[in-house]
Amino acid sequence: MIVGFVLTFWGAALIMLSMKRHYRQLFVGQNRTEKQKIGFRTAGYLGLAAGAYACVSATSFGMGLVWFTAFLNVAVFSLAMVLAWRGNPKRVRA
């Protein structure tokens, strides 16, 4: 199950990095190329698929999908918290 969570987390993180806004927010002053976008997105979806497969193979099909959905929720929430913590680099906070 740990492998399922790690694959799901990294898949969601890579999909997040394929988006221009999130990439610029984490890597201030750097632009990602089109090849990076495609690579991040492809690896992200493969990671999500591998995470779903790992969850389903560790348990039954129904429970595996429940675990995968739970892992995906935790991963997306924690990534959203990281983006909120980093803030918008264009805004100046006093």
Side-chain angles (χ1 to χ4, degrees):
M1 288 307 241
I2 301 283
V3 173
F5 175 72
V6 170
L7 289 170
T8 303
F9 183 85
W10 283 108
L14 288 171
I15 289 174
M16 177 200 65
L17 284 175
S18 73
M19 298 175 201
K20 187 177 186 179
R21 163 181 280 161
H22 300 319
Y23 187 87
R24 282 192 324 201
Q25 191 170 358
L26 290 178
F27 302 105
V28 178
Q30 296 179 3
N31 292 323
R32 65 165 169 72
T33 63
E34 192 65 28
K35 282 186 178 182
Q36 285 177 324
K37 174 186 167 185
I38 293 170
F40 284 147
R41 193 165 288 171
T42 303
Y45 283 121
L46 287 175
L48 287 180
Y53 179 76
C55 290
V56 167
S57 65
T59 60
S60 65
F61 183 77
M63 278 308 295
L65 291 181
V66 169
W67 278 105
F68 172 71
T69 305
F71 289 158
L72 187 60
N73 282 321
V74 170
V76 169
F77 180 75
S78 61
L79 290 169
M81 292 298 106
V82 168
L83 289 176
W85 173 69
R86 281 292 291 188
N88 189 346
K90 293 182 181 177
R91 264 192 270 160
V92 176
R93 296 182 181 180

Tell me whether Arg24 contacts the main-chain N or O of Gln30 through its side chain, where contact means a donor paired with an acceptor under 3.5 Å. no

State whether the side chain of Ser78 and the backbone N or O of Ala75 hold a donor-acceptor pair below 3.5 Å, judged by distance alone. yes

Look at the side-chain heavy atoms of Ile, Leu, Val, Met, Phe, Trp and Tyr, link any pair under 4.5 Å apart, and say whether [X] and [Y] land in one connected group.
X: Met81; Y: Leu26; result: no
X: Trp67; Y: Val74; result: yes
X: Met19; Y: Leu46; result: no
X: Val3; Y: Met1; result: no
X: Val76; Y: Phe68; result: yes

Any chance you could lay out the side-chain contact (heavy atoms from CB on, under 4.5 Å) test for Thr59 and Val66, step after step, and finish with the verdict? CA-CA 10 Å; Thr59 60; Val66 169; over 6 Å; no

Check each of Val6, Thr8, Leu7 against Phe71 using the side-chain contact (heavy atoms from CB on, under 4.5 Å) test, and report the only one that passes. Thr8

Looking at every heavy atom in both Gly4 and Cys55, which two are closest together, and how far apart are they? CA-SG, 4.1 Å

Heavy-atom closest contact (Leu83 atom, His22 atom, distance): CD1-ND1, 3.3 Å

Is [Y] close to [X] at the side-chain level, that is, under 4.5 Å between some pair of heavy atoms?
X: Tyr45; Y: Leu14; result: no
X: Leu72; Y: Phe9; result: no
X: Arg32; Y: Leu17; result: no
X: Tyr23; Y: Gln36; result: yes

Give a yes or no on this: more than 12 heavy atoms of other residues, nucleotides or ligands lie within 6.0 Å of atom OH of Tyr53. no

Met16 side, atom CE; Leu79 side, atom CG - distance, nearest 0.5 Å: 5.0 Å

